[in-house]
Amino acid sequence: MAGRKGRFITLEGGEGAGKSTQARLLGERLTSLGLECVLTREPGGSPGAERLRRALLSGAVAPMGQAAEALVFSAARIDHLDTLIRPALARGAWVICDRFIDSTRAYQGSVGRLDPAFIRGLEQVVVGANWPDLTLILDLPPEIGLARAAVRRGAGKADRFEGENLAFHEGLRRAFLAIAAAEPERCLAIDATQNEDAVARDIWTCVDRKLRPGRARATSAGRPS
Ligand code: Z5A
């Protein structure tokens, strides 16, 4: 992307896979190297997109159909890219985003059965040149992820997606693994059944090998201010 000095990392996977936990741990590690790190999420991440998140997760958009839902996720993404992600990358920050465009491919595309040409069109229009440098797909059997999410939720109500059946979540797992297999340069599947520390270690190995954050720090420290 023109004017991009920072790095863009996304975390993807099913419900309760540990994306938010690992985004936080990775952010702490990058910050400890002296890098500016922006932690964000989708749907949401900017005030406008957070308003659309509430509508999407409440289930208010679902009756309008899969295509309408994909368009609302896209509207949220446009605002998020315009107001948060692109400016952060332009000033050299490392952006870590909990879910991004691959969630649209998996949820609305593969499982929602939207026409792949429609999904590709959204990717071109909404994401354009702003593809992640690295996408980490946290993989685990959906029963484990749903059980983790249920413990965390306690007596709270399941949202629009948490309430779907096991076959839906198994389809998602296959969809994310297919994305990882199709785009090995950008994506890596991580075994998310391990404990938090072991998952964080695998993620760091991958980030270090591909994006060399230590070298980025040395380069920016040597740059004239
Ligand atoms: N969606 C879509 O359809 N299309 C799109 O384009 C986009 C999204 C962008 C957003 O939900 C929903 O929107 C999402 C897809 C859809 N649907 N769902 N379901 P969300 O943001 O509210 O929820 P989520 O993205 O699924 O994340 P989550 O449920 O918050 O899970 P997580 O971030 O992967 O996990 P976590 O919060 O880090 O951990 C969950 C619990 O497990 C917690 O208590 C942790 O302490 C525990 N945990 C974490 N790691 C471990 C390990 N390694 N071992 C044991 N326990 C662990």
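First listed ligand is number 1; within each ligand, the first listed atom is number 1.
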| request: Provide the closest heavy-atom pair for A70 versus F118 in the form atom of the first, atom of the second, distance. | output: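 It is CB-CE2, 4.1 Å.
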
| task | Provide the closest heavy-atom pair for R160 versus A62 in the form atom of the first, atom of the second, distance. | result | NE-CB, 3.3 Å

Heavy atom of the protein closest to [atom] (residue, atom name, distance):
atom                    : result
atom 8 (C) of ligand 1  : F73 CE2, 3.5 Å
atom 27 (O) of ligand 1 : K19 NZ, 3.6 Å
atom 36 (P) of ligand 1 : T21 OG1, 3.6 Å
atom 9 (C) of ligand 1  : R77 NH2, 3.6 Å
atom 33 (O) of ligand 1 : S20 OG, 2.6 Å
atom 46 (O) of ligand 1 : E196 OE2, 3.8 Å
atom 43 (C) of ligand 1 : R152 CD, 4.1 Å
atom 23 (O) of ligand 1 : E15 OE1, 4.1 Å

I'd like to check which ligand 1 atoms, numbered from 1 as shown, lie under 4.0 Å from a non-hydrogen atom of [X].
X    : answer
E42  : 9 (C)
P43  : 8 (C), 9 (C), 10 (C), 13 (O)
F161 : 3 (O), 12 (C), 13 (O), 16 (C), 17 (N), 18 (N), 19 (N)
L57  : 10 (C), 12 (C), 13 (O), 22 (O)

To the nearest 0.5 Å, what is the distance between [atom1] ([X]) and [atom2] ([Y])?
X    : Y    : atom1 : atom2 : answer
Y107 : L114 : OH    : CG    : 15.0 Å
R173 : L166 : CZ    : CG    : 11.0 Å
L25  : D197 : CG    : CG    : 7.5 Å

Please determine if [X] has a nitrogen or oxygen closer than 3.5 Å to a nitrogen or oxygen of ligand 1.
X    : value
A17  : yes
G16  : yes
Q108 : yes
R148 : yes
A192 : no

| query | For ligand 1, is any non-hydrogen atom under 4.0 Å from R99's backbone (N, CA, C, O), its side chain (CB onward), both, or neither? | reply | side chain

| request: Report the part of N195 (side chain from C-beta onward, or backbone N, CA, C, O) that has a heavy atom under 4.0 Å from ligand 1; answer both or neither where that applies. | output: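 It is the backbone that touches ligand 1; the side chain stays farther off.
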
| said: Check this for me: does any side-chain nitrogen of one of R41 and E50 sit under 4.0 Å from a carboxylate oxygen of the other? | reply: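 Looking at R41 and E50, the cut-off is met.
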
| task | Output yes when D79 and R51 qualify as a salt bridge under the 4.0 Å nitrogen-oxygen rule, no when they do not. | result |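 Here D79 does not pair with R51 in a salt bridge, since their nearest N and O are not under 4.0 Å apart.
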
| task | Sort out for me which residue in N195, I190, D191 forms a side-chain contact (heavy atoms from CB on, under 4.5 Å) with T193. | result |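 Considering N195, I190, D191, a side-chain contact (heavy atoms from CB on, under 4.5 Å) with T193 is found only for D191.
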
| message | Restricting to ring pair (Phe, Tyr, Trp, His ring centres under 6.0 Å), what partner residues turn up for F176, sequence neighbours left out? | response | none

Can you find a non-hydrogen atom of [X] under 4.0 Å from ligand 1?
X    : answer
A149 : no
Q194 : yes
I101 : no

| query | Is D133 reaching over with its side chain to a backbone N or O of I9, donor-acceptor style, under 3.5 angstrom? | reply |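 Answer holds: no.
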
| task | Give the single entry among H169, R41, R53 that approaches atom 21 (O) of ligand 1 most closely by any heavy atom. | result | R53

| For the residue pair F161 and F73, does the interplanar ring angle fall in the parallel (under 30°), tilted (30 to 60°) or perpendicular (over 60°) class? | tilted

| What residue pairs, at least two apart or across chains, pass side chain to side chain donor-acceptor pair (under 3.5 Å) with a residue in residues 13-30? | S20-D98

| said: Can you confirm whether R148 sits close enough to L140 that some side-chain heavy atom of one is under 4.5 Å from a side-chain heavy atom of the other? | reply: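 Counting from C-beta outward, R148 and L140 do come under 4.5 Å.
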
| Are L211 and L136 connected, step by step, through hydrophobic side chains (Ile, Leu, Val, Met, Phe, Trp, Tyr) whose heavy atoms are closer than 4.5 Å? | yes

